[in-house]
Amino acid sequence: MAHTHFRHSSCFLLLIAILTGGCAATPAEPPDLVLTGGAVYTQDAARPWAEAIAIRDGLIVFVGSTPDVTALAGAGTERVDLGGRFVMPAFHDAHVHPVSAGVELGQCNLNDLVGAEVTLTAVRACAEAGKGQPWIVGGGWAMTSFPGGLPRKEALDAVTGGTPAALSSSDGHSMWVNTAALAAASITRDTPDPAAGRIERDANGEATGALLESATELVSRVLPPISAADYENGLIRALAQMNRFGIVSLQEANARPAMVAAYRAVARQGKLTARARLSLYTNPEEDVSQVDRLVQARAETTEPGVTVGAAKIFVDGVIESGTAMLVDPYVPLPGAKGPMEHPRGLPNFTDATLQALVTRLDREGFQVHMHAIGDAGVRQGLDAIAAAARANGARDARHHMAHIQLIDPVDVPRFRELGVVANIQPLWAYADEYIVDLTEPRLGPVRSQWLYPFGALHRAGAMLAGGSDWSVTSVNPLDAIQTAVTRKALTAPAEAPSWLPEERLDLKTVLAAYTSGGAYVNFEERVSGSLEAGKYADLIVLDQNLFEIPVERIHAARVLLTMREGREAFRAEGFAPSSLPR
């Protein structure tokens, strides 16, 4: 796709600016920085393409042609010739776990490992490297690496040398523990399943080493505490990774008190390189009075760049382990003995308790951020948001629902009707082993046609915002953007079939989800999400024009420069002068 070229004389700059929307007015002082000679995709419907941008004091002061922007420069203006490179608004990640992801990078990191043998080899290496430590802690193992999706304690016993081990799954909804960890947590055959959780057991009732949902807390509560310094260092590591992939704004998807403290500390240190809106954790085992604690946390958080404005609710679990809530029962797995204890999933709330919690949060001015996977979970969440609106009246709440893996078709239009943002994680939306081996068999062919119905949501007018759910999957938005457009694996050839092709999104739509959509869900659309005069200079430079390369190559594009509010957050080696504002 060719971008529009502008060739106007600088003496008509003000007139052109007024007529074209290039800027609000001619800048009174020269800009600090001008980027010229680029293919600038602005995400501004009135003027989608330009060549150059002028920046002063962290704000965009003009977007337009290279001659016009060059005419604004003064003696002290930093000038960067983009050489035709692609520029676009920086990314917003609307659902991510930076603190835990960063901490995990410093633990026994099993992310991206394929197969049981490779995973166990990595655990053995962690055990050897951490000899003398009281626990082996980490996570990221894939359910697809193990038969039935859940590993056993015996395999872990063989590589951990008797040291207690607790390893979270990549989706964060299960934990793999060894015999020593079960003993440390006093989990025996007589230990009851906690509310909204399950201890996997063998035919004799003994724990197998897999803990699901809230059962993971039985071990988490006896783990060595993570220090405040560990949380802060983890966040700093995570932010550097996110900046590298062009992310300058985020919504923390599950902020517990220690995580909130880490954001505040890092902000005070001047090391917060992305604006952060925090979704405070709500506990399904507590009543509505817990909202008082959230209100207090919101009042105490005053650091620039950190906003406490949302509350996270886990409505249900995940389909692969049978804990997501379904309208109709799960399909029994081959070889299953007897009926499932929870044939429609494992609810975290009754309808009444969820509606009471959402109504109270809404009344207190919180944005509600829901995890909802199954079609019954999605419906229960939508019903709760509808109940809150009836009780409190309509307001600009921007409640949003993340993951939304399975939606009953009758509920798709309700997102627009209720003003609920569809917070999508597109990197999951292709026929990988999770889908083929663990998800579709639990749902059957009819329901499986409604997995990740992003196209249907878009056609129904829902607002889309993009998130990664990192460390569950890659934090690189380009990976997710390509998958949303192709519904295929990143390495699949062009001729490979798409999975549920009617649910694909076009490139403009999915770019909007990760820019203006993310800005909208974070209440930042007036200052970010598009490249327009008066907004923050939140932008990225890529080495390839996403509109001119095959869609199967989007994930291979590389971010060369990330700017947040006009300051460099990341710069690839060899690109642009080293004197860019930091």
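Computed over heavy atoms, backbone and side chain alike; hydrogens, waters and symmetry mates excluded.
Evaluation of the side-chain hydrogen bond (donor to acceptor under 3.5 Å, both in side chains) rule for Thr144 yields no partner, not counting sequence neighbours. Applying the side-chain contact (heavy atoms from CB on, under 4.5 Å) rule to Thr353 yields the partners Phe349, Thr350; only residues at least two apart in sequence or on another chain are considered. Not a single salt bridge (charged side-chain N to carboxylate O under 4.0 Å, His left out) links Arg390 to another residue, sequence neighbours left out. With sequence neighbours excluded, no residue forms a side-chain hydrogen bond (donor to acceptor under 3.5 Å, both in side chains) with Ser214. Partners of Asp538 by salt bridge (charged side-chain N to carboxylate O under 4.0 Å, His left out), not counting sequence neighbours, listed by chain and number: Arg275. Taking Arg526 as the reference, nothing meets the side-chain hydrogen bond (donor to acceptor under 3.5 Å, both in side chains) condition, with sequence neighbours excluded. Checked against side-chain hydrogen bond (donor to acceptor under 3.5 Å, both in side chains), Glu303 has the following partners two or more places apart in sequence or in another chain: Arg264, Arg268. Asp469 meets the salt bridge (charged side-chain N to carboxylate O under 4.0 Å, His left out) test with no other residue; sequence neighbours excluded. Listed by chain and residue number, Glu252, Val260, Leu278, Leu280 satisfy the side-chain contact (heavy atoms from CB on, under 4.5 Å) test with Ala255 (two or more places apart in sequence, or in another chain). Applying the ring pair (Phe, Tyr, Trp, His ring centres under 6.0 Å) test to Tyr452 and every residue at least two apart in sequence or in another chain returns Phe454. Here Ala185 pairs with Ile187, Val219, Val222 under the side-chain contact (heavy atoms from CB on, under 4.5 Å) rule; sequence neighbours left out.
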*Give the C-alpha distance, both sets of side-chain angles, the deciding distance and a yes or no for side-chain hydrogen bond (donor to acceptor under 3.5 Å, both in side chains) between Thr179 and Asp157.*
CA-CA 7 Å; Thr179 300; Asp157 289 344; 2.6 Å; yes
*Stepwise salt bridge (charged side-chain N to carboxylate O under 4.0 Å, His left out) check, Arg237 with Asp230*: CA-CA 10 Å; Arg237 279 195 295 267; Asp230 289 337; over 6 Å; no
*Could you give me the CA-CA distance, side-chain angles and deciding distance for Arg277 and Phe523, then say whether side chain to side chain contact (heavy atoms under 4.5 Å, CB included) is met?*
CA-CA 9 Å; Arg277 183 175 178 85; Phe523 293 84; 3.5 Å; yes
*Please walk me through it: do Glu320 and Thr439 pass side chain to side chain contact (heavy atoms under 4.5 Å, CB included)?*
CA-CA 6 Å; Glu320 294 80 12; Thr439 305; 2.9 Å; yes
_Go through it in stages, so that I can follow the logic: the residues are Asp479 and Thr473, the test is side chain to side chain contact (heavy atoms under 4.5 Å, CB included), and I'd like the CA-CA distance, side-chain angles, deciding distance and then a yes or no._
CA-CA 10 Å; Asp479 292 348; Thr473 45; over 6 Å; no
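Of the candidates Thr191, Leu212, Thr208, Thr216, Ile199 forms a side-chain contact (heavy atoms from CB on, under 4.5 Å) with just one, namely Thr191. Evaluated for a side-chain hydrogen bond (donor to acceptor under 3.5 Å, both in side chains) with His95, the options Gln425, His400, His369 yield exactly one hit, His369. In summary, of the residues considered (Glu525, Gln43, Lys535), a side-chain hydrogen bond (donor to acceptor under 3.5 Å, both in side chains) with Ser530 occurs for Lys535 alone.
Under the 30°/60° scheme for interplanar angles, the aromatic rings of His173 and His371 are found to be tilted.
The two residues Val315 and Gly377 make their nearest non-hydrogen contact at CG1-O, 3.5 Å. Between Ile55 and Gly566, the shortest heavy-atom contact is CG2-CA, 4.2 Å.
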Using distance only, find each side-chain donor-acceptor pair of residues 123-141 under 3.5 Å and give its atom names and separation, not counting sequence neighbours.
from, atom 1, to, atom 2, distance (Å)
Trp141, NE1, Leu167, O, 2.7
Trp141, NE1, Ser168, O, 3.2

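For the pair Ile373/Leu406, no side-chain contact is recorded, criterion being any heavy-atom separation below 4.5 Å from C-beta on.
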